[in-house]
Amino acid sequence: MKNIVILGSTGSIGKNTLEVVRNLKDKFRVVGLSSNSRWELLAEQVEEFKPTYVALNDSQLGEKLKRRFPGNHLKILTGNKCLEEIVLHEEVDIVVSAVVGAVGLPAAIATIQQGKTLALANKESLVMAGHIVMSLAKKNQILPVDSEHSAIFQSLQSGKLSEIKRVIITASGGPFYDYPEDKLSDVSPAQALKHPTWQMGQKITIDSATLMNKALEIIEAKWLFNLKVEQIDVVIHPQSIIHSMVEFCDGSVVAQMGMPDMKVPIQYALTYPERMPLSVQPLNLSSIGSLTFKKPDMEKFPALRLGYQAAREGGTMGATLNAANEVAVQAFLDGQIKFSEIASSVEKVINNHHYIKNPCLEDILTADAWARQETKKCLM
Ligand code: NAD
Ligand code: MG
């Protein structure tokens, strides 16, 4: 029996994780759940999974939850350190980090420092501070939940890290891959939120439309698998059936495939090195008919080029790119800027920032705060 904490249990990955756990009740016990603001959904999850701890940022919402669960059975943590605090409890074995954004970084570091397994969906923490996070982690202490990285990790079960020639990360291309380039600047948030193959939270859905998600995933792969940027290729694969591939030094290319369903990589991260039965839609290749591949267009989707640039330059580039993007995506969702301004503002901010080659955590957090302010200024 493993005890797990889910950071961001009310989000898309969080809910999928609870579905996986619901079907593996004899293997996992949920000891902690967290949400930013959706306290009512969190309360339903508490009723079903009976964790010992919950974390809620807002102390007023914490009070509401307290009234719903009086007594001492449920310990409610609030405030801006609650994510870091909830992972520290001794009984915790695995932390699933399914929060969105930079807010996941301190809890990821705390999890690793406590020697607990980190099932990582929150790619932003590696994008910001991959060199710090990976240097603290032991082998296989971080298990990827992101479908592409899980595919690479699964493909790597047939070879060693040192035998990798390159990895090929697949991208659906998002809703606008074939959209006329001159009309891209006028697409609405509602259009951008319609992802062709995956159901996800708002921020990552917009990142998928700009291809910033792939940019972040290049940086994530570089850190997770200790790769040189030249070893990371991206290919557009609209059907999202091949989740990514590893080319080994002997020319063999090993891929992981399946219908797009995040429960597969989530469960693999939880049960690794074992596999457990999971009820998913089976892959029927003859009904799919064809799998297609295209070279990514970095002129039309400049975010991808920025991702390669940030991966190559390292240092504070990842944190700056990520923070600028978080602000720009929110501004787009709020109707303040055009779709094409997301990448253009990120580019301006990363190219103006005070670059530090070997940043400590404080430098990273300073770069993050600076980039948020600078992006807001640039969007005014
Ligand atoms: P989501 O928006 O659906 O859920 C986010 C969760 O984080 C919610 O529970 C929310 O309450 C919590 N949260 C948000 N802001 C917070 C804050 N300031 N403090 C504390 N908690 C906060 O997002 P999602 O789609 O589930 O994505 C979560 C992470 O997983 C992201 O990093 C994303 O890139 C990654 N990811 C998601 C998918 C997917 O299919 N959804 C796939 C791969 C990777
Ligand atoms: Mg992904």
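Residue numbers count from 1 along this sequence. Both ligands and their constituent atoms are indexed starting at 1 by order of listing.
For atom 44 (C) of ligand 1, the closest non-hydrogen atom on the protein side is Asp146 OD1, 3.5 Å. For atom 4 (O) of ligand 1, the closest heavy atom belonging to the protein is Gly11 CA, 3.1 Å. The nearest heavy-atom contact from the protein to atom 25 (O) of ligand 1 is Gly201 N, 2.8 Å. With respect to atom 35 (C) of ligand 1, the closest heavy atom belonging to the protein is Ala121 O, 3.2 Å. Looking only at protein heavy atoms, the nearest one to atom 42 (C) of ligand 1 is Met262 CE, 3.6 Å. Here the heavy atom of the protein found nearest to atom 34 (O) of ligand 1 is Lys123 CE, 3.2 Å. The protein atom (non-hydrogen) at minimum distance from atom 19 (N) of ligand 1 is Asn57 ND2, 3.0 Å.
The distance criterion of under 3.5 Å between nitrogen or oxygen atoms is not met by Gly14 with respect to ligand 1. At least one N/O-N/O distance between Ile13 and ligand 1 falls below 3.5 Å. The shortest N/O to N/O separation between Glu124 and ligand 1 falls below 3.5 Å. Looking at Ile204 next to ligand 1, no N or O pair under 3.5 Å apart turns up. Polar contact check, Val103 against ligand 1: no nitrogen or oxygen pair lies under 3.5 Å apart. Taking only nitrogen or oxygen atoms, main chain and side chain alike, Ser12 reaches within less than 3.5 Å of ligand 1.
The Gly8 neighbourhood of ligand 1 comprises atoms 6 (C), 7 (O), 9 (O), with distances under 4.0 Å to a heavy atom of that residue. Ligand 1 places these atoms under 4.0 Å from at least one heavy atom of Ser35: 11 (O). Each of the atoms 32 (O) of ligand 1 lies under 4.0 Å from some heavy atom of Asn122.
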Evaluate the side-chain hydrogen bond (donor to acceptor under 3.5 Å, both in side chains) criterion for residues Gln199 and Ser12: first the C-alpha distance (whole Å), next the side-chain angles of each, then the deciding distance (0.1 Å), finally the verdict.
CA-CA 8 Å; Gln199 283 283 331; Ser12 161; over 6 Å; no

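For Asn351, the CG atom counts as densely surrounded, since its 6.0 Å shell holds more than 12 non-hydrogen atoms of other residues, nucleotides or ligands.
Evaluated for a side-chain contact (heavy atoms from CB on, under 4.5 Å) with Leu7, the options Val99, Leu33, Val96, Ile13 yield exactly one hit, Val99. When the options Leu306, Ile236, Leu211 are evaluated for a side-chain contact (heavy atoms from CB on, under 4.5 Å) with Phe301, the one that passes is Leu211.
Gln154 and Ser150 share a donor-acceptor pair across their side chains, judged by distance under 3.5 Å alone. Residues Asn322 and Glu326 have side chains that bring a donor and an acceptor to within less than 3.5 angstrom of each other. Between the side chains of Gln45 and Arg38, not a single donor N or O lies within less than 3.5 Å of an accepting N or O.
Among Val96, Thr10, Asn36, the residue whose heavy atom sits closest to atom 22 (C) of ligand 1 is Asn36.
Remark: the backbone N or O of Glu91 is paired with a side-chain donor or acceptor of Asn3 at under 3.5 angstrom. In this structure, Lys123 contributes its side chain and Glu220 its backbone to no donor-acceptor pair below 3.5 Å. Looking at Gln141, its side chain does come within 3.5 Å of a backbone N or O of Lys116 through a donor-acceptor pair. Panel note: side chain Ser188, backbone Gln191; a donor-acceptor pair is recorded below 3.5 Å. Checking side-chain atoms of Lys263 against main-chain N and O of Leu278 turns up no donor-acceptor pair under 3.5 Å.
Heavy atoms of Val99 found under 4.0 angstrom from ligand 1 belong to the backbone as well as the side chain. Heavy atoms of Met200 found under 4.0 angstrom from ligand 1 belong to the backbone as well as the side chain. Residue Ala98 touches ligand 1 through its backbone alone, judged by heavy-atom distances below 4.0 Å. Counting heavy atoms under 4.0 Å from ligand 1, residue Val100 touches it through both backbone and side chain.
Between His149 and Phe225, the ring-plane angle classifies as parallel under the 30° and 60° cut-offs. Between Tyr53 and His89, the ring-plane angle classifies as parallel under the 30° and 60° cut-offs.
The residues Lys338 and Glu341 are annotated as not salt-bridged, no charged nitrogen and carboxylate oxygen being separated by less than 4.0 angstrom.
Around the Mg ion (ligand 2), the protein N, O or S atoms found under 2.8 Å comprise Asp146 OD1, Glu148 OE1, Glu217 OE2.
Residues that satisfy the side-chain hydrogen bond (donor to acceptor under 3.5 Å, both in side chains) test with Lys25, not counting sequence neighbours, are absent from this structure.
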